[in-house]
Amino acid sequence: MTHATLTNNYRTLSCDDDIISGTLRRVFGFGGFRRDQERIVRAILEHRDVFAVMPTGGGKSLCYQLPAVLMPGTCLVISPLIALMKDQVDGARSNGIRAAFLNSSISPAEQDDVLGQLHSNALDLLYIAPERFALERFRNIAARSRIALAVVDEAHCISEWGHDFRPDYLSLSRLVEMFPDVPVAAFTATATHRVQDDIQMRLGLRDPLVVRASFDRPNLFYDIRFKENAAEQLVSILKANRDKAGIIYRTSRKSVSDTAAMLRSKGFRALPYHAGLGDEERIRNQEAFIRDEVDVIVATIAFGMGIDKSNIRFVVHADLPKSMENYYQETGRAGRDGEPARCILLFSHGDIPKVRFFIDSVADEAEHARALAAFSKVVSFASSSVCRRRSLLDYFGETYPEENCGNCDVCTGLHKTINCTREAQMLLSAIVRTDQQFGASHIIDIVTGSTNRKVLDFGHDRLKTYGAGKGKSKTFWKRLVDELIARKIVSRAEGLYPALYLLPEASRVLKNETEIEMAEVVETKRKKSALAAAAPQENEELFELLRSLRKQIADEQGVPPYVVFSDRSLRDMASLLPKDEESMLAVTGVGEVKLRRYGRQFISCIIRWCDAGHNGKTP
Ligand code: ADP
Ligand code: ZN
């Protein structure tokens, strides 16, 4: 490359720099790019194809919406998630982007109207479902319109190797042929290398920029807790997260309904969601959640696919997820706005047989083996005491560079290890002395000296270990049993009577040849840190006022609250206290259009609050 072209390139680039960052600020209200966004935006603006794997919440839409604003013509976004299109369009419009969607949910007259806008180049963005692409009429109009960019969202749907193959997607192979001069950008949140190759091949991408973004979600706090009494634990989690949006995942429809009813009876705003509810009720409950009318959705994994809500502050797995992919995807619904969010998994080995039961009902042999392997990864993930973030990323083939992530239960020292060798010996001895014929609760009754009928009937109150462990709580003993199972020191018989029996390693424990250490939750620290995550430092009261203003505006306009402003924007307002338009523009997520539309109302709310005697200083 000659010196002249170098400087030339530099010049065009540096000029682009201003335009790009100016648009980022002016239209989207963002002060900077997130990881990988800039590379993708630049590639598209240079007319290069893109293939990008980005985690949920990574900020994918900006990668094509920004070019869509800058490029002359319409950006076509092909997405299978029809339920999301309206919200996505509302979101783009709220930033002043000319956006529309075409799918079966709108009337023929409305469809004609949108096609007219496409043809007269009046759209920056057009979302369509894949089957639309197969329609001759659409293709004819598109061919005669000015298409600037084609985006294939959820691109893994084109691959039969992916987990979500959709035959409709195959018609997208014709994109490149139909629009030879238009860059194609394919996005997905999950793609192995094999799926990636398949996508590139089928779409016919031409030397694309390939981006595999990190799967790390730095704002998510991963927390695994011993499951003792799910109901009580859920209540205390909800108390610590009052008025915040959250999802509680449960396995069965019945446990979903029961949990939702239990939480409602305790005064929480919670609704159920599972495939057994009627369509109408399901949609109603989902809408209520999206529109911040209830705080909590209790759901089976059927919930979440069509959810774009960015302000979900916590996700609880009250039962074990079936695979690490599920865990990642479900926890990934928290904190899409980049604000801190908590992912709590309640885990005990006692839950394993339940899931095993489901898996064992799978008839297909290969399918059964796959399900079992996937589930065993979840069990070892939950049983380990390695940094959660590290193990999660490790599972997806990524090496986490830090020693301590600072944002999981392990790394923040919520656990301390205590030596329980003596207590373990008590348990083992009680198991041996009762001929390995009894389940965990009976063994625990023995060591804690219970006067339970069954203990007395069997004469187990005369055993040497009877009452030897009186000083410790039942919970302690349950956890210790779990620990011994996890370490393959004891095992639980399968079937109707899950008696505990010793494995060979147990003899080393009994002979004092090895020590047993167990992680114990440090309650005081947990409280402090849970509080830190739950109660941010900004002016909380003002934040609530801004939140209700947002809700009111959203209702008037018939859009979800997060389309008006993200939680992040409201937090910024509550701490920066902008009192004029200029300072309001410095708030994340406030671009020119939102400033014009909502600025005045939010500024007056802030001024009123400050005038009412609040000094506006962060307490
Ligand atoms: P994805 O589609 O990848 O799941 P989104 O495009 O919905 O993610 O973006 C997730 C959230 O991140 C949205 O609330 C969006 O406004 C926000 N966001 C995206 N890019 C930026 C940025 N550069 N700075 C601040 N917030 C951003
Ligand atoms: Zn960690």
Side-chain angles (χ1 to χ4, degrees), residues 20-21 23-25 27-41 52-66 68 77 79 81 84 87-88 90-92 94-95 97 125 127 151 153-155 185 187-190 211 213-224 304-312 329 332-339 341 343 381 384-394 400-415 529 560-572 587-591 594:
I20 294 172
S21 60
T23 310
L24 184 64
R25 177 77 261 171
V27 177
F28 299 90
F30 297 148
F33 282 107
R34 286 211 189 132
R35 244 184 328 206
D36 298 309
Q37 284 179 328
E38 186 167 7
R39 286 201 293 152
I40 297 174
V41 166
V53 184
M54 285 180 111
T56 312
K60 198 171 47 185
S61 17
L62 182 92
C63 296
Y64 58 81
Q65 291 190 355
L66 200 159
V77 185
S79 163
L81 303 175
L84 285 187
D87 289 351
Q88 277 166 335
D90 284 340
S94 76
N95 281 326
I97 300 173
L125 267 179
Y127 287 85
V151 171
D153 203 0
E154 313 291 335
F187 292 92
T188 170
T190 46
V211 174
S214 166
F215 268 60
D216 184 22
R217 299 283 310 278
N219 58 318
L220 299 189
F221 188 109
Y222 297 104
D223 190 355
I224 300 185
M305 257 310 266
I307 293 291
D308 220 1
K309 187 175 163 79
S310 71
N311 61 338
I312 297 175
Q329 207 169 47
R333 294 185 178 126
R336 287 173 76 144
D337 53 9
E339 287 289 282
C343 309
F381 168 72
S384 90
S385 46
V386 180
C387 165
R388 313 295 181 197
R389 178 164 272 101
R390 178 193 301 280
S391 4
L392 195 54
L393 290 175
D394 187 53
Y400 186 69
E402 309 294 329
E403 199 47 57
N404 183 312
C405 83
N407 211 19
C408 79
D409 59 336
V410 176
C411 291
T412 51
L414 293 186
H415 302 289
S529 117
Y562 65 83
V563 163
V564 175
F565 279 128
S566 69
D567 275 16
R568 172 72 199 276
S569 301
L570 299 192
R571 292 241 164 264
D572 267 13
V587 166
T588 304
V590 182
K594 285 196 179 174

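First listed ligand is number 1; within each ligand, the first listed atom is number 1.
In this structure, Gly58 has a heavy atom closer than 4.0 Å to ligand 1.
Of the possible polar contacts, none joining the Asn95 side chain to the Phe28 backbone as a donor-acceptor pair under 3.5 Å is found. Side-chain atoms of Arg568 do not come within 3.5 Å of backbone N or O of Asn311 as any donor-acceptor pair. At least one donor-acceptor pair closer than 3.5 Å links the side chain of Thr412 to the backbone N or O of Cys408. Within the 3.5 Å criterion, the main-chain N or O of Gly59 finds a donor-acceptor partner in the side chain of Gln37. Listed for the Asp223 side chain is no donor-acceptor partner under 3.5 Å among the backbone atoms of Asp409. Here the side chain of Asp216 pairs no donor or acceptor atom with the backbone of Arg389 at under 3.5 angstrom.
Ligand 1 places these atoms under 4.0 Å from at least one heavy atom of Gly59: 1 (P), 3 (O), 5 (P), 6 (O), 8 (O), 9 (O), 19 (C). Heavy-atom proximity to Phe33, at under 4.0 Å, picks out these atoms of ligand 1: 23 (N). Taking every heavy atom of Arg336 and a limit of under 4.0 angstrom, the matching atoms of ligand 1 come to 1 (P), 2 (O), 4 (O), 7 (O), 10 (C), 11 (C), 12 (O). With ligand atoms numbered from 1 in the order given, ligand 1 contributes 4 (O) to contacts under 4.0 Å with heavy atoms of Thr56. Within ligand 1, the atoms closer than 4.0 Å to a non-hydrogen atom of Gly32 are 22 (C), 23 (N), 24 (N), numbered from 1 in the order shown.
To the nearest 0.5 Å, the span separating CG on Asp337 from CZ on Phe565 amounts to 14.0 Å. Atom CD of Glu38 and atom CD1 of Ile20 lie 6.5 Å apart (nearest 0.5 Å).
Given atom 19 (C) of ligand 1, the protein heavy atom at minimum distance is Gln37 NE2, 3.7 Å. Scanning the protein heavy atoms around atom 2 (O) of ligand 1, the nearest turns out to be Lys60 CE, 3.4 Å. Atom 1 (P) of ligand 1 has as its closest protein heavy atom Gly57 N, 3.5 Å. Given atom 6 (O) of ligand 1, the protein heavy atom at minimum distance is Ser61 OG, 2.3 Å. In terms of protein heavy-atom proximity, atom 24 (N) of ligand 1 is nearest to Phe30 CG, 3.5 Å. Looking only at protein heavy atoms, the nearest one to atom 12 (O) of ligand 1 is Arg34 NH2, 2.9 Å.
In terms of heavy atoms, Phe187 sits closest to Cys63 at CZ-CB, 3.8 Å. Closest approach of Gly332 and Arg217 over heavy atoms only: O-NH1, 2.9 Å. Pairing each heavy atom of Asp572 with each of Thr588, the nearest pair is OD2-OG1, 2.8 Å.
Here Met54 has no heavy atoms under 4.0 Å from ligand 1, in either its backbone or its side chain.
Taking the six-membered ring for Trp and thresholds of 30 and 60 degrees, Tyr64 and Tyr127 have ring planes more than 60 degrees apart, a perpendicular arrangement.
Near the Zn ion (ligand 2), less than 2.8 Å away, sit the protein N, O or S atoms Cys387 SG, Cys405 SG, Cys408 SG, Cys411 SG.
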